[in-house]
Amino acid sequence: MPELTSDPATRGRYAPSPTGYLTVGNARTALLAWLDVRSRGGRFVLRLDDTDTARESVSAADICADLDALGLDWDEGWDVGGAHGPYETSKRSDRHRAVADDLIAGGAAYWDYTPAIADVSAHKAGRREAKAGRNVHRGTPDAVDGVDPVLRLRVPDAGRIEVVDRVYGKISVDVADVSEVALMRSDGRPTYHLASCVDDADMGVTSVVRGADWLNSLPQHVLVFRALGADVPAFAHVPLLVGKDGQKLSKRQGDLSIRHLIVDEGVPAGALCAYLANLGFEERSDLPTLTEMASTFDIGHLGKASPRYDPKKLEALSRRWLAERESSERLAAELRVRAPVELSDEQVAVLVDGVRTRIPTFAAAGDLAGFLGLDDSPGRDVTVLADDVVAPVLGTRPWDADALAAAIDAAVPAGPDRKARLGAFRDALAPGLRVTPPLHVMLAALGPDRAAARLAPT
RNA sequence: GCCCCCAUGGUCUAGCGGCCUAGGACGCCGCCCUCUCAAGGCGGAUGCCGCCGGUUCAAAUCCGGCUGGGGGCGCCA
């Protein structure tokens with residue numbers, strides 16, 4: 001693998017808000033942000049974007065756990081510290097208020113006494129009287145009794161704002177279409193628009209990768225950076241994932257959380273990363289790890305259209321990942337946890353090799369060990385499977401998968417009845433199970449005594 | 001309603017005016033192999049490059065309109 005370029009001056013960040021477990025969409029953005037930084041040898045900063053405490057539903061630790069489960073790491077963050085802390089936006093309010101004062105003094109922001117929209121849902125659902133564009137709030141610039149003002153960004157009266165996005169290319173908008181967004185709420189807390197820009201500037205962030213739902217806010221953010229006297233970071237907006245039907249991905253669906261995918265469904269994190277991080281790029285024929293992806297990563301190659309999240313494709317990739325790339329250690333650990341019965345070291349070793357090419361997830365690996373939990377009572381149909389076939393197999397020494405496979409082949413030679421006899425073998429070893437590991441793997445895992453018990457004549 | 005963005009087989013995409021009667025991968029279908037499920041081998045189908053116009057000797061590639069989809073228009077992020 002080529003040596004990664006090392007440029008510590010590149011600083012990228014991921015700034016999740018604790019409003020829910022990471023979904024496949026969030027995870028993809030985080031992955032792309034991480035790859036962008038790592039591909040250039042830069043530093044990755046994790047910042048908690050907790051500007052809206054009312055909507056918080058998960059802990060910061062949950063988010064770290066999800067990111068960690070994916071295999072991401074970070075150099076600075078609210079949990080590991082760093083030179084630019086604190087890394088929780090809520091702890092930077094004093095700084096935000098001081099910046100707000102500067103912006104007012106410099107004429108870049110003004111107080112607006114228009115009462116807040118009372119019912120947002122009605123406002124969103126109904127016919128929209130809201131107008132985009134500047135000057136819509138300037139009607140009530142003077143103090144009004146009983147109204148706490150909101151601080152708004154002042155947008156220039158004429159001209160265009162131009163900025164180059166690393167994914168979308170040149171963005172050029174008329175200021176008439178740029179609304180004067182809120183920077184500070186009437187209760188004195190900053191909004192995302194202010195906090196995010198200030199924090200990025202303060203933390204020396206040079207590269208921002210975020211969801212395309214922020215693209216429309218980019219002009220305002222450019223204005224804020226300029227007013228701050230800070231360099232505008234390089235922005236890369238990533239198209240949002242859409243659902244199977246091409247419609248928007250519902251965040252309500254619990255099965256879209258990566259925690260559910262990894263923990264409940266047992267999708268290997270590496271497969272999930274390979275799938276999510278490759279969406280929007282030309283598909284690779286290999287199955288790269290994150291590090292391997294980082295060596296050739298260029299977010300400029302990301303497609304601009306919204307890719308569909310396809311669970312079927314994820315499963316196909318997961319199957320390949322388990323067969324080709326998953327470590328035996330990890331597979332062994334997952335098998336122990338997910339098998340319905342306690343497994344010995346020998347059984348784990350046999351099963352790891354015996355099941356890895358035939359499972360879509362770790363959960364399925366556990367299911368394949370199900371035959372071990374069955375009763376060892378006799379079940380062989382002697383009319384199909386004779387003693388002179390079973391005896392040599394049971395006499396196999398050493399009792400290991402390879403020797404057993406050879407013994408089975410020798411005892412049941414190719415012929416018209418081979419299929420039936422081996423089928424009877426399976427029925428005796430794993431009665432009632434539709435899917436099992438191969439015969440020799442089951443025999444090896446059961447051990448000679450339990451195998452003999454199950455193969456005893458009915 | 002207004003503003004912004006996007007549009008190649010089922011999916012992810014290559015393609016940046018002639019090399020394209022559009023390439024790859026995944027999926028799908030068939031055959032082989034086969035103790036189930038997989039894996040593996042071999043072969044196959046699937047796109048009037050969303051639609052309509054224009055520019056050009058030449059367009060998937062450039063321009064315009066339309067349609068569809070996404071995003072935004074909030075003292076949410």
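Convention: sequence-line order gives letters A, B, ...; per-chain numbering from 1.
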>> Assuming nearest nucleotide by heavy-atom distance, tell me which of A:Leu302 and A:Ser306 is located more 5' along RNA chain B.
In response: A:Leu302
>> Reading RNA chain B from 5' onward, which residue's closest nucleotide shows up sooner: A:Ala323 or A:Thr436?
In response: A:Thr436
> Does A:Arg358 make a side-chain donor-acceptor contact with the base of B:U36, cut-off 3.5 Å?
Replying inline: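 Side chain to base: pair present.
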> Between the side-chain atoms of A:Asp213 and the base atoms of B:G72, is any donor-acceptor pair under 3.5 Å?
Replying inline: no
Using a 4.0 Å heavy-atom cut-off across all strands, classify [X] as base, sugar-phosphate, or nothing.
X        : answer
A:Gly211 : nothing
A:Arg418 : sugar-phosphate
A:Tyr168 : sugar-phosphate
A:Leu439 : base
A:Pro360 : nothing
A:Ser186 : base
A:Lys304 : sugar-phosphate
A:Asp427 : nothing
A:Arg308 : sugar-phosphate

Among [options], which nucleotide has an atom closest to any side-chain atom of [X]?
X        : options             : answer
A:Thr191 : B:C12, B:A77, B:A7  : B:A77
A:Arg319 : B:A7, B:C3, B:A38   : B:A38
A:Thr357 : B:U36, B:C75, B:A38 : B:A38
A:Arg426 : B:A77, B:C6, B:U36  : B:U36
A:Arg434 : B:C3, B:C37, B:C26  : B:C37
A:Ala182 : B:C75, B:C26, B:C35 : B:C75
A:Leu422 : B:C35, B:A25, B:C6  : B:C35
A:Pro438 : B:C35, B:C12, B:C75 : B:C35
A:Ala305 : B:A77, B:A7, B:C4   : B:A7
A:Ser17  : B:A38, B:A77, B:G71 : B:A77

Give me the distance, rounded to whole Å, that separates [N] from [M] when you measure between the [atom1] atoms they each carry.
N     : M     : atom1 : result
B:A59 : B:G64 : C1'   : 15 Å
B:C6  : B:A60 : C1'   : 16 Å
B:U36 : B:C31 : P     : 16 Å
B:A38 : B:C28 : P     : 10 Å
B:C62 : B:G24 : C1'   : 26 Å
B:C63 : B:A25 : C1'   : 33 Å
B:G23 : B:A45 : P     : 12 Å
B:C12 : B:G27 : P     : 15 Å

Partner lookup for [N], please. Criteria are Watson-Crick or G-U wobble with both distances under 3.5 angstrom; report none if nothing qualifies.
N     : value
B:C49 : none
B:G27 : none
B:C62 : B:G54
B:C37 : none
B:C2  : B:G72

Atom pair distance, as rounded to whole Å: [atom1] in [X] and [atom2] in [N]:
X        : N     : atom1 : atom2 : value
A:Lys312 : B:C12 : NZ    : C1'   : 16 Å
A:Leu443 : B:U36 : CG    : P     : 16 Å
A:Arg28  : B:G70 : CZ    : P     : 16 Å
A:Glu315 : B:C12 : CD    : P     : 18 Å
A:Tyr275 : B:U13 : OH    : C1'   : 13 Å
A:Leu241 : B:G69 : CG    : P     : 18 Å
A:Leu433 : B:C35 : CG    : P     : 19 Å
A:Asn216 : B:C6  : CG    : C1'   : 13 Å

At under 4.0 Å, does any side-chain N or O of [X] touch on OP1 or OP2 of [N]?
X        : N     : result
A:Arg152 : B:C75 : yes
A:Thr51  : B:A77 : yes
A:Lys419 : B:U36 : yes

> What distance do A:Arg13 atom CZ and A:Ser196 atom OG have between them, rounded to the nearest 0.5 Å?
Replying inline: 4.5 Å
> For residues A:Asp298 and A:Ser39, is any side-chain donor paired with an opposing acceptor at under 3.5 Å?
Replying inline: no
Side-chain donor/acceptor of [X] to backbone N/O of [Y], under 3.5 Å:
X        : Y        : result
A:Asp200 : A:Cys197 : no
A:Arg356 : A:Leu322 : yes
A:Asp112 : A:Val150 : no
A:Glu180 : A:Val155 : yes

> Relative to each other, are the rings of A:His193 and A:Trp214 parallel, tilted or perpendicular (30° and 60° limits)?
Replying inline: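 If you compare the ring of A:His193 with that of A:Trp214, the planes turn out perpendicular.
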> Under a 4.5 Å cut-off applied to non-hydrogen side-chain atoms, are A:Glu326 and A:Phe362 in contact?
Replying inline: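 Yes, side chains in contact.
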>> Can you confirm whether A:Tyr309 sits close enough to A:Tyr275 that some side-chain heavy atom of one is under 4.5 Å from a side-chain heavy atom of the other?
In response: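 Side chain of A:Tyr309 against side chain of A:Tyr275, heavy atoms only: contact under 4.5 Å found.
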> Of all residues at least two apart in sequence or in a different chain, which pass the ring-ring contact (aromatic ring centres under 6.0 Å, His included) check with A:Phe235?
Replying inline: A:His237
